[in-house]
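For reference, the structure is listed below as structure tokens.
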Amino acid sequence: MREIKFRSKAKMSIEELDDLYLEHENGWVYGHLVMYGKTPYIVGDFIEVDSEYTVNEFWVPVYPESVGQFTGLPDKNGGDICETVTYSGKPFGTIDVVKFSGGAFKLTDIEDALLPIPLDDSDIQSVEVIGNIFEHPHLIGGKHG
């Protein structure tokens, strides 16, 4: 069984994360998702657990709109907005967003509203990450970033 992890943009500054020796990628933290009231946190593995409390490696408050499930597939640009080229599709590719759908991570074409296709579909020639929906909404028609 694969471990389910989440990714989110920390509300703490990069300097604060560094001062606390918390692992991150340009302010993005990875771990387990925990809600405390209405505030989401990315937390590290459990260190100690009993019936009254838990102790985790770390707790980082994060922006709710940036929370996403980590696919486990590494990418060089750290995001979920992709330019995808298929063998049967447009010669210059489409702009897609990675979403969890039907029990799998799939590419959803935002331009043509084609059916989502699994990341391992044999028709995919190449996928290049070009951004993420939290920091680059303009890539998919969003108005703020």
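Side chains included, hydrogens not; waters and symmetry mates left out as well; all remaining heavy atoms used. These numbers come from a predicted model, not from an experiment.
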Look at the rings of Y36 and Y41 and say which category their plane angle falls in: under 30° parallel, 30 to 60° tilted, over 60° perpendicular.
perpendicular

Here the pair of heavy atoms bringing W28 nearest to S66 is CZ3-O, 3.7 Å

Hey, could you give me the CG/NZ distance between L33 and K5, rounded to the nearest 0.5 Å?
13.0 Å

Straight-line distance of I124 CD1 to C82 SG, nearest 0.5 Å:
9.0 Å

Test log, rule side-chain contact (heavy atoms from CB on, under 4.5 Å), inputs K11 and V60:
CA-CA 8 Å; K11 286 187 174 181; V60 178; over 6 Å; no

Indicate yes or no: at least one non-hydrogen side-chain atom of I95 is less than 4.5 angstrom from one of I130.
yes

Tell me, do D121 and T86 make a side-chain contact under 4.5 Å, heavy atoms counted?
no

Are any side-chain N or O atoms of K9 and backbone N or O atoms of N26, one a donor and one an acceptor, separated by less than 3.5 Å?
yes

The reported gap from NE2 in H32 to CZ in F58 (rounded to nearest 0.5 angstrom) is 8.0 Å

Considering all heavy atoms, the nearest P61-M12 contact
CD-SD, 4.2 Å

How close do I42 and G31 get, counting heavy atoms only, and between which atoms?
CG2-N, 3.4 Å

CD1 of I47 to CG of N56: how many Å apart, nearest 0.5 Å?
7.0 Å

For L22 and H24 the tightest heavy-atom approach is O-CD2, 3.2 Å

Side-chain H-bond candidate by donor/acceptor type, E23 with Y30, under 3.5 Å:
no

Do E83 side-chain atoms and E128 backbone N/O form a donor-acceptor pair below 3.5 Å?
no

Give the minimum heavy-atom separation between A10 and V62, together with the two atoms involved.
CA-CG1, 4.0 Å

Set of residues satisfying side chain to side chain contact (heavy atoms under 4.5 Å, CB included) with respect to S13, sequence neighbours excluded
E15, E16

Before giving the answer on side-chain contact (heavy atoms from CB on, under 4.5 Å), spell out for V98 and L107 the whole-Å C-alpha distance, their side-chain angles and the decisive distance to 0.1 Å.
CA-CA 5 Å; V98 177; L107 293 163; 3.8 Å; yes

Within-4.5 Å side-chain heavy-atom neighbours: I117 and D123
no

